[in-house]
Chemist: 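Structure in structure tokens, see below.
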Amino acid sequence: GILTLQPPASVIPGVGGNVAGGQTVINQGTLKMAGGNNTIYFNNFLSLNQGGTLDLNGTAQTSRLFDVGAVVNAGGTLTGSAGSTFVENLDGLNRNFSGIITGAVAFQKAGANNTLSLFSDSNTTGDILIAAGTTQLRDSARFSGTTNLDINYGVLTLDNNGGTINDNDRINNAAAIDLRGGTISYIGRAQTASTETLGAVKADQGASTITVATGGTGVNSADLTLTS
């Protein structure tokens with residue numbers, strides 16, 4: 001079923017949206033936003049678990065998204081139509097999200113110096129912005145649908161060695177990548193010839209870095225190709 005959150009009939013002056021301050025947990029069905037930006041209380045914890053869907057419905061939401069899984073497709077679905085933006089504003093702890101980001105959601109990683117580990121293929125066509133800390137793609141994690149990826153003083157790690165598989169296409173080859181003091185770290189898999197091709201990469205400002213490392217000793221390699 002679908003539960004739609006709409007603006008309340010009466011509001012406290014100066015306070016908008018849902019003022020419930022507890023953690024939001026979506027286990028089954030769809031929670032659809034219809035109360036404007038931050039329909040769910042701003043910057044609270046949001047657990048999106050397998051079987052559950054959060055539909056931003058063209059709104060913007062800032063939350064601390066996570067789930068209890070650390071394997072492919074063990075989490076829920078974050079989706080939304082054009083104009084939907086989700087800001088992942090993590091606390092100081094490392095978090096996992098094993099669900100998928102789909103639709104046209106623009107996804108932004110913000111917050112403290114921490115690591116957000118993604119485990120599944122997120123095929124959203126929206127823009128991706130990594131603005132703080134580290135975003136790690138491992139197991140089957142991809143940004144396969146986006147055509148615009150910005151890394152602003154954050155780190156994107158394409159990790160083929162820490163998870164269960166080697167994936168040679170984690171980033172859409174058509175995605176334009178802009179680095180502003182950002183870092184791309186590519187890690188191959190042990191005993192594997194790992195490869196990745198990125199689209200047009202621009203170093204716009206700051207000290208940006210691209211690093212490549214093999215996954216181990218012995219017969220293995222890691223090749224990262226930039227289209228331009």
Side-chain angles (χ1 to χ4, degrees), residues 1-5 22-33 38-57 59-81 84-112 114-146 149 154-160 162-167 169-172:
I2 300 175
L3 173 64
T4 301
L5 292 186
Q23 175 177 307
T24 300
V25 180
I26 305 174
N27 287 324
Q28 295 289 329
T30 298
L31 183 62
K32 186 175 184 178
M33 305 292 96
N38 292 311
T39 300
I40 299 175
Y41 195 63
F42 174 83
N43 210 34
N44 269 17
F45 288 100
L46 170 63
S47 180
L48 182 54
N49 299 313
Q50 189 177 44
T53 297
L54 175 63
D55 183 355
L56 296 176
N57 190 32
T59 68
Q61 179 67 47
T62 298
S63 296
R64 295 174 174 178
L65 173 70
F66 71 100
D67 62 40
V68 296
V71 294
V72 178
N73 296 326
T77 299
L78 175 63
T79 190
S81 53
S84 300
T85 299
F86 189 89
V87 180
E88 172 71 299
N89 190 32
L90 287 181
D91 55 352
L93 299 178
N94 297 335
R95 302 284 182 183
N96 297 327
F97 181 59
S98 56
I100 64 171
I101 306 166
T102 189
V105 174
F107 182 79
Q108 301 179 11
K109 162 66 170 70
N114 49 44
T115 297
L116 171 66
S117 295
L118 302 178
F119 293 82
S120 306
D121 182 7
S122 290
N123 61 7
T124 178
T125 58
D127 295 347
I128 305 295
L129 170 62
I130 299 170
T134 298
T135 298
Q136 176 177 250
L137 305 186
R138 54 178 296 177
D139 288 21
S140 294
R142 295 178 174 180
F143 289 137
S144 60
T146 187
L149 171 60
V155 179
L156 175 63
T157 300
L158 311 179
D159 186 1
N160 290 301
T164 58
I165 66 170
N166 178 78
D167 191 323
D169 193 18
R170 293 193 181 274
I171 305 296
N172 181 9

Chemist: Please enumerate all residues that pass side chain to side chain contact (heavy atoms under 4.5 Å, CB included) together with Thr85, with sequence neighbours excluded.
Modeler: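 Only Ala60, Val87, Ala106, Gln108 meet the side chain to side chain contact (heavy atoms under 4.5 Å, CB included) criterion with Thr85.
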Chemist: State, with a plain yes or no, whether a side-chain heavy atom of Thr146 is found less than 4.5 Å away from one of Phe107.
Modeler: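 Heavy-atom side-chain distance check fails, nothing below 4.5 Å.
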Chemist: Checking the side chain of Asn57 only, and the main-chain atoms of Met33 only, is there a donor and an acceptor separated by less than 3.5 Å?
Modeler: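 Judged by distance alone, yes, a pair lies under 3.5 Å.
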Chemist: Under the rule for side chain to side chain contact (heavy atoms under 4.5 Å, CB included), what residues qualify as partners of Ala131, not counting sequence neighbours?
Modeler: Leu129
Chemist: For Gln28 versus Gln50, what's the shortest heavy-atom pair and its separation?
Modeler: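 Taking every non-hydrogen atom into account, NE2-O, 3.9 Å.
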Chemist: Could you note down all residue pairs passing salt bridge (Lys or Arg N to Asp or Glu O under 4.0 Å) where residues 40-54 supplies at least one of them, sequence neighbours left out?
Modeler: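 Every pair satisfying salt bridge (Lys or Arg N to Asp or Glu O under 4.0 Å) with a residue in residues 40-54: there are none.
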Chemist: How far apart are the closest heavy atoms of Phe97 and Ile100, and which atoms are they?
Modeler: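 Nearest heavy atoms, Phe97 then Ile100: CE2-N, 3.8 Å.
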Chemist: With Val71, which residues qualify under side chain to side chain contact (heavy atoms under 4.5 Å, CB included), at least two apart?
Modeler: Ala74
Chemist: If I compare all heavy atoms of Ser98 with all of Gly75, which pair ends up nearest, and what's the gap?
Modeler: OG-N, 3.1 Å
Chemist: Within the side chain of Thr115, is there an N or O that forms a donor-acceptor pair under 3.5 Å with the backbone of Asn94?
Modeler: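 Here the side-chain-to-backbone pair does not exist.
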Chemist: Please report the shortest heavy-atom distance between Ser122 and Gly99, naming the atom on each side.
Modeler: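 The pair with the smallest heavy-atom distance is OG-O, 4.5 Å.
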Chemist: Mind checking salt bridge (Lys or Arg N to Asp or Glu O under 4.0 Å) for Arg170 and listing every partner two or more places apart, or none if nothing turns up?
Modeler: none
Chemist: Scan for side chain to side chain donor-acceptor pair (under 3.5 Å) pairs involving residues 132-143, sequence neighbours excluded, and state none if there are none.
Modeler: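 Every side chain to side chain donor-acceptor pair (under 3.5 Å) pair that includes a residue of residues 132-143, provided the two are not neighbours, is Ser117-Gln136, Arg142-Asp167.
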Chemist: Using 0.5 Å steps for rounding, measure from the CG atom of Asp169 to the CG atom of Leu158.
Modeler: 10.5 Å
Chemist: Is any side-chain heavy atom of Leu48 closer than 4.5 Å to a side-chain heavy atom of Leu65?
Modeler: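 Yes, side chains in contact.
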Chemist: Under the salt bridge (Lys or Arg N to Asp or Glu O under 4.0 Å) rule, collect the residues that match up with Asp91, sequence neighbours excluded.
Modeler: Arg95
Chemist: Enter the distance from Thr157:OG1 to Leu137:CG here, rounded to the nearest 0.5 Å.
Modeler: 8.5 Å
Chemist: Report yes if some heavy atom in the side chain of Phe86 is under 4.5 Å from a heavy atom in the side chain of Leu46; otherwise report no.
Modeler: yes
Chemist: Would you mind reporting whether Ile171 and Leu156 have side-chain heavy atoms less than 4.5 Å apart?
Modeler: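 Contact flag for Leu156/Ile171 side chains = yes.
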Chemist: Can you name the side-chain hydrogen bond (donor to acceptor under 3.5 Å, both in side chains) partners of Asn172, sequence neighbours left out?
Modeler: none
Chemist: Supply the atom-to-atom distance Leu116 CG to Asn96 CG, rounded to the nearest 0.5 angstrom.
Modeler: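 So the gap between those two atoms works out to 8.0 Å.
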Chemist: Please enumerate all residues that pass side-chain hydrogen bond (donor to acceptor under 3.5 Å, both in side chains) together with Thr124, with sequence neighbours excluded.
Modeler: none
Chemist: In Å, rounded to the nearest 0.5 Å, how long is the span from OH of Tyr41 to OG1 of Thr24?
Modeler: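 Atom-to-atom, Tyr41:OH and Thr24:OG1 are 12.0 Å apart.
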Chemist: Which atom names give the shortest non-hydrogen contact between Thr53 and Ile26, and what distance separates them?
Modeler: N-CG2, 3.8 Å
Chemist: Does one side chain, of Thr30 or Asp55, offer a donor that lies under 3.5 Å from an acceptor on the other?
Modeler: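 Looking only at side-chain atoms, Asp55 and Thr30 do not form any donor-acceptor pair under 3.5 Å.
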Chemist: Partners of Asn43 by side-chain hydrogen bond (donor to acceptor under 3.5 Å, both in side chains), sequence neighbours excluded?
Modeler: Asn89
Chemist: Determine whether Leu54 and Ile40 make a side-chain contact, defined as any pair of heavy atoms from C-beta on separated by less than 4.5 Å.
Modeler: yes
Chemist: Taking only residues two or more places apart in sequence or in another chain, which ones pass side-chain hydrogen bond (donor to acceptor under 3.5 Å, both in side chains) with Thr164?
Modeler: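 Thr164 satisfies side-chain hydrogen bond (donor to acceptor under 3.5 Å, both in side chains) with no residue once adjacent residues are dropped.
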Chemist: Treating Asn38 as the side-chain partner and Thr62 as the backbone partner, does any N or O pair qualify as donor plus acceptor under 3.5 Å?
Modeler: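 Flag set: sc Asn38 to bb Thr62 pair under 3.5 Å.
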Chemist: Is the shortest heavy-atom distance from the side chain of Phe66 to the side chain of Leu90 under 4.5 Å?
Modeler: no
Chemist: For Ala104, which residues count as a side chain to side chain contact (heavy atoms under 4.5 Å, CB included) partner, sequence neighbours excluded?
Modeler: Thr125
Chemist: Between Asn114 and Lys109, is any pair of side-chain heavy atoms under 4.5 Å apart?
Modeler: yes
